[in-house]
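Each remark here refers to the structure printed beneath this line.
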Protein chains: 2
Amino acid sequence: MDGLPARRPDPRVERSRTIIRAAALEELAQSGYGAFTIESVAARAHVGKSTIYRLWRDKLDLIADAFESAHEQAVPDVTTGTTAQRITMLVQHVAEVAADSLFSRCIPALIEGAGHDPRLRDFHYRYSARRRQSLTELIAGGIRSGEFTASCEPDLAAQAMLGAIFYGRLMSGEPFAPSQAPQLVAALLRPRDASSPEVS
Amino acid sequence: MDGLPARRPDPRVERSRTIIRAAALEELAQSGYGAFTIESVAARAHVGKSTIYRLWRDKLDLIADAFESAHEQAVPDVTTGTTAQRITMLVQHVAEVAADSLFSRCIPALIEGAGHDPRLRDFHYRYSARRRQSLTELIAGGIRSGEFTASCEPDLAAQAMLGAIFYGRLMSGEPFAPSQAPQLVAALLRPRDASSPEVS
DNA sequence: CCGCAGCGATACGCGTGCGTATCAGAGATG
DNA sequence: CATCTCTGATACGCACGCGTATCGCTGCGG
C-alpha cells in the first residue's frame, strides 16, 4: 500500500535531536522549569527555533522527551559481593549521581514540572519508584536469605537511604557525601552475627 | 527632632499584608515558583494590584516575605518523655506538617526559587538546617546520656529521618505516613538495654 | 551533479505579566 | 463631621516568549 520510495533517513535529523535534547537538559538544570524557554534552548544549541518546532510539538513535549532520554543513565546492575556490599554500592552510586550529574541538577525542575504536567509527573514518579523498588528488593532479599536483620521494613529502609541522599541535594547546600554510604547502610541493616558497632 | 504628629497606624494596612501573604503562599503552592504572578495573587486575594506594589517592592520581595512569615509555624518544643520519645514526636510532627500543610505544599516552589534568588536560597537552607540541627542535637544528647546507642553519626541519622519524610513528599505520590515514624526512629537508634527488635 | 529535504535566520501577531500612574470613593482618624 | 490615608479599578508602555510562516542556503541522497 505504501508506494513511498523509502528514502534513507537524513543523519542531520538525529544529530539535531541529540544536540537539542542535551541543550534542553542544560537549560532545565540552569533555569529550572518555569524559566525554561524554547528560545534559550535554540540559542544554547546554536540551532534555529524552527528546527526545534519541526522535531517537537511544543515546549512540554521537548521537556518530557529530554527527561526520558536522560533516563538512559540506567543504574548499573551490581551482581558481585554480599548483598550488603551490593546495597552499599547501589547507594553509593545513587549518591554519586545525585552529587554531580546533569540529570540530578535537573531534579528541582522535574519536581516543579511534575506539579504542572501529568506527563512529567508520571515520569518522575515512575523513575523514582523504580529506583526505590530495586533497592527495596535487594534489602528484602538479604533479609530472606538471612544475611542480615533489618531494623525496619525493607521499603522504609530504602526510603531512608535514598531520602538521606536527596535531602542533602535539595534541602541544603551540601550534597550527601558518597563516602558516608557504608555508614548509612550499616546503620539500617544489622548483620545477623556481629554485635552492633558502637559509635562514640 | 521629629515634629511628626505620630498618627495611629491604619489597621487596613496590616490586614492587607496578612491577606496578601496568605494568597501568595496559596499561589506558590498551586502554581509553583515559575508560574507565580502578582496579578494572580491580587485576584486571589480580591485586592488591587497597586496595593501589593505599595507594600512590597516587587515579586521576589513578596515571595521571600511570604515564606518568612510562614516560617512562624515553629516546631513545638517537646520537653516531656524520654529522649527517644521526644525524637519520635519531633519526627512525627515534621511528617505531619510535610504531609499536609500550606507551607509544605510550597516546598517545590521553594526549591525551584532557591535556584534563582539568593535571598530565597538563604532562607531555604537556613530553615532546613535549623530543623535538622535541632534533631541532631536531640540525638546526640540521647547518646551522651547513655539512653541509646546510635548506629551512625547523629547528623547522618537525622538526615536519614528527615530525608525519608521528604523523599515521600517530593519524589513519589505518597507522602510519608506519620505512623511510620516510631519504626523509623527505632531503626536508627538502638536502646542500650533491650535487644534489637526483629522484623519478620 | 541534480534535486530536494532539512537547515538557520528573520519577522510576525498574539497573549501575558511586569511595574507605573491616575482617580474616585470608602473608611479610619481625631 | 471634616480630613486625609488607604484602597480597588483601570489603563498604559514595555519586554518577552510563544508558535507560525517564509526564505535562501547547505549538504545529503541517489
For this session: Provide, to the nearest angstrom, the distance between the NZ atom belonging to A/K59 and the P atom belonging to D/dG17.
Result: 9 Å
Only pairs under 3.5 Å count here: list side-chain donor-acceptor contacts from residues 171-179 of chain B, not counting sequence neighbours, and write none if there are none.
from, atom 1, to, atom 2, distance (Å)
B/S172, OG, B/G168, O, 3.2
B/S172, OG, B/E174, O, 3.2

Exercise. Under the 3.5 angstrom rule, does the side chain of A/S69 hit a backbone N or O of A/A66 as a donor-acceptor pair?
Worked result: yes
Exercise. To the nearest Å, how far apart are B/R17 CZ and D/dC6 C1'?
Worked result: 12 Å
Exercise. Atom CD1 of B/I38 and atom P of C/dT16: how far apart are they, to the nearest Å?
Worked result: 18 Å
For this session: Report yes or no: does B/Q159 contribute a side-chain atom to a donor-acceptor pair with the main-chain N or O of A/A164 at less than 3.5 Å?
Result: yes
For this session: In whole angstrom, give the distance that lies between atom CG of A/D58 and atom C1' of C/dC14.
Result: 17 Å
Exercise. Rounded to the Å, how far apart are B/L62 CG and C/dG19 C1'?
Worked result: 14 Å
Problem set entry | Separation of atom CD in B/E39 from atom P in D/dG8, rounded to whole Å | 15 Å
Seminar exercise, completed: Counting primed atoms, P, OP1 and OP2 as sugar-phosphate and everything else as base, the B/S/- map of nucleotides 1-8 of chain C against protein heavy atoms under 4.0 Å is ----BSBB
Problem set entry | Check: A/Q180 main-chain N/O paired with A/Q183 side-chain donor or acceptor under 3.5 Å | no
Problem set entry | Rounded distance in Å - CD1 (A/I52) to C1' (D/dA21) | 17 Å
Problem set entry | Atom pair distance, as rounded to whole Å: CZ in B/R15 and C1' in D/dG8 | 13 Å
Exercise. Does A/L170 offer a backbone N or O that forms a donor-acceptor pair with the side chain of B/H124 under 3.5 Å?
Worked result: yes
For this session: Say whether, by atom type as modelled, one donor and one acceptor occur between the side chain of B/E112 and the main chain of A/G32 under 3.5 angstrom.
Result: no
